[in-house]
K.L.:
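I have a structure I would like to understand better, so I am pasting it below and will then ask my questions one at a time.
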Number of protein chains: 2
Amino acid sequence: MAIPRAARTQRRTRIQEEKEEQILEAALDVFSVSGFRGSTIDQIAEVAGMSKPNLLYYFRTKEAMHRALIDRVLFTWLEPLRAFDAEGNPESEVRSYIRRKLEMARDFPRESRLFANEVLQGAPHIEDELKGPLKDLVDEKADVIRAWAKAGKIAKCDPYHLIFSIWSTTQHYADFDVQVRAVLGQDYSGAGRFEDAARFLEQLFIDGLRVKPTPSS
Amino acid sequence: MAIPRAARTQRRTRIQEEKEEQILEAALDVFSVSGFRGSTIDQIAEVAGMSKPNLLYYFRTKEAMHRALIDRVLFTWLEPLRAFDAEGNPESEVRSYIRRKLEMARDFPRESRLFANEVLQGAPHIEDELKGPLKDLVDEKADVIRAWAKAGKIAKCDPYHLIFSIWSTTQHYADFDVQVRAVLGQDYSGAGRFEDAARFLEQLFIDGLRVKPTPSS
DNA sequence: TGTAATGTTTACCAATCGGTCAAATATCCG
DNA sequence: CGGATATTTGACCGATTGGTAAACATTACA
């Protein structure tokens, strides 16, 4: 008889790692498009190329699949913000943060949509992560930005809304890709788009944050 | 016997209008949270406070409900962009466009999420609207912005990405409300948030778009 | 090689899905 | 009032849902 999955205390066989990888890859495909409620195990099974009970041998429930996926993706997703360096030059830090986020939107659009779907639907499965690790990280970086503003290195601004606006503008290209393509025309959706977006956003944020000469009042 | 719904050529009774209104209101509640696939007629029926067959008396299919909802919301949703005036002052036009979009995110978050869900999931039901009316409208306004840049009234920038960034930053407060609240702390989610966001975004876009003194090169 | 543990599949389950139907009820109007 | 029309509902249908049971196949390893 098969050992109940709950009893497995540690990774064992090579085949387990491979199959779980295969499943999560398929789950990312499906969840990122339809969200949790709209996705079915059968869809994931079909994409993964294995039978439904076989999926459920590795992940006991649909929720378990979703959770494993979220956990795995969340860490890497916050990497760019974590790399945000208090000691660096403000302008180049912001610039490279934007570029990194934009690269992730280009290279990992499914991951972006996975989170977007989840948050959009009220974040029923990741509320704790948002209020915990995410908030802590943002709080920390907000302090950095505030210090920069206080030191006169960048214009005074609300650091939280600055971070929100960088998130939203960059992730927009992953989450709303269909709309972006529809508006720009499908021919113009290749490599050029990325560079245009990067150029625009860097200009917007860098110029928008540059310290303004105090108007002589 | 009841007249088949398809045969109804024109609005008739008061009760029809009321019930359809009631249904679409409930459908907005449900679709905006779970997306099309993730929503069920039973959920909508429960929210609407009527039986499932009764819903299906007014809208023959789930798709018909969704479509009616989209059609109704799309027009008003594009209103702010339509109001963008080529004859106006660029700075104040951008400013009031941002504010209007932000007001809509605050006052009609369900409508924003309805579209976000739909686009996120590949826009299977509104592809034509995106490539047609939406693209046309954006093209038109992009020309206006380009003309402003050419006339030296604002900094040179890609008008499409400018519009995208205004969309994304403003709608972010509706679509990712849970995340915003989690990061800011739930206490700080009331009226103050709106004003802070408005102030930040206006500063960002206005300063970012201001014509820069050409660096002496 | 044998055998125990691991991995896979077929058949199936109850619950829920979108949707239908006919009968029951409410409304309108002469 | 009464009959025609419009509205509402309970019972039901086949398909799909998440998930299970157990037989079967494969692998690891002594």
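No hydrogens, no waters, no symmetry mates; every other heavy atom, side chains included, goes into these values. Throughout, a chain's letter reflects where its sequence line sits, starting with A, and its residues are numbered from 1.
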K.L.:
Does atom CZ of A/Phe108 have more than 12 heavy-atom neighbours from other groups under 6.0 Å away?
P.N.:
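No, CZ of A/Phe108 has 12 or fewer neighbouring heavy atoms, counting only those of other groups under 6.0 Å.
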K.L.:
Taking atom CD of B/Glu103 as the centre, does the number of heavy atoms from other residues, nucleotides or ligands within less than 6.0 Å exceed 12?
P.N.:
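For B/Glu103, atom CD is crowded (more than 12 foreign heavy atoms under 6.0 Å).
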K.L.:
Rounded to the nearest angstrom, tell me the gap between atom NE2 in A/His66 and atom C1' in D/dG18.
P.N.:
16 Å
K.L.:
Using atom CD of B/Glu63 as one end and atom P of C/dC17 as the other, report the distance to the nearest whole Å.
P.N.:
17 Å
K.L.:
When the distance from CZ of A/Arg37 to C1' of C/dA15 is rounded to whole Å, what number comes out?
P.N.:
13 Å
K.L.:
C/dA11, C/dG18, D/dT8: which one has an atom nearest the side-chain heavy atoms of A/Pro53?
P.N.:
C/dA11
K.L.:
Side chain of B/Leu56: nearest nucleotide among D/dT9, C/dT8, C/dT20?
P.N.:
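Nearest to the side chain of B/Leu56 among the choices is C/dT20.
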K.L.:
By nearest nucleotide on DNA chain C, pick out whichever of A/Met50 and B/Lys62 is the more 5' one.
P.N.:
A/Met50
K.L.:
May I have the distance from B/Ile41 (atom CD1) to D/dT16 (atom C1'), rounded to whole angstrom?
P.N.:
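Checked: the CD1 to C1' distance equals 14 Å.
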K.L.:
Output yes when at least one side-chain N/O atom of B/Gln16 is less than 4.0 Å from OP1 or OP2 of D/dT7, else no.
P.N.:
yes
K.L.:
Looking at A/Ser51, I'd like to know whether one of its side-chain N or O atoms comes within less than 4.0 Å of OP1 or OP2 on C/dT8.
P.N.:
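No, no such contact exists.
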K.L.:
What pair of heavy atoms forms the shortest contact from B/Val47 to B/Ala26, and how long is it?
P.N.:
CG1-CB, 3.6 Å
K.L.:
Does B/Asn54 make a side-chain N or O approach to OP1 or OP2 of D/dT7 shorter than 4.0 Å?
P.N.:
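Answer is no, no contact under 4.0 Å.
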K.L.:
Tell me the interatomic distance from B/Glu20, atom CD, to D/dT8, atom P, rounded to whole angstroms.
P.N.:
11 Å
K.L.:
Considering non-hydrogen atoms only, spot the tightest contact between B/Lys135 and A/Gly185 and give its length.
P.N.:
NZ-N, 4.5 Å
K.L.:
Rounding to an integer number of Å, can you tell me how far A/Tyr58 OH sits from D/dT20 C1'?
P.N.:
18 Å
K.L.:
Report yes if a donor N or O on one partner sits less than 3.5 Å from an acceptor N or O on the other, where the partners are the side chain of A/Lys52 and the base of D/dG18; otherwise report no.
P.N.:
yes
K.L.:
Between B/Tyr57 and D/dT7, is there a contact of a side-chain N or O with OP1 or OP2 at under 4.0 Å?
P.N.:
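Checking B/Tyr57 against D/dT7: at least one side-chain N or O falls below 4.0 Å of OP1 or OP2.
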K.L.:
Between D/dT27 atom P and A/Glu18 atom CD, what is the distance in whole Å?
P.N.:
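One finds 12 Å between P of D/dT27 and CD of A/Glu18, rounded.
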K.L.:
Between A/Asp42 (CG) and C/dC13 (P), how many Å, whole number?
P.N.:
17 Å
K.L.:
Determine, for A/Phe75 and A/Arg82, whether the Lys NZ or Arg CZ falls below 6.0 Å from the six-membered ring centre while staying within 45 degrees of the axis.
P.N.:
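Verdict for A/Phe75: a cation-pi partner in A/Arg82.
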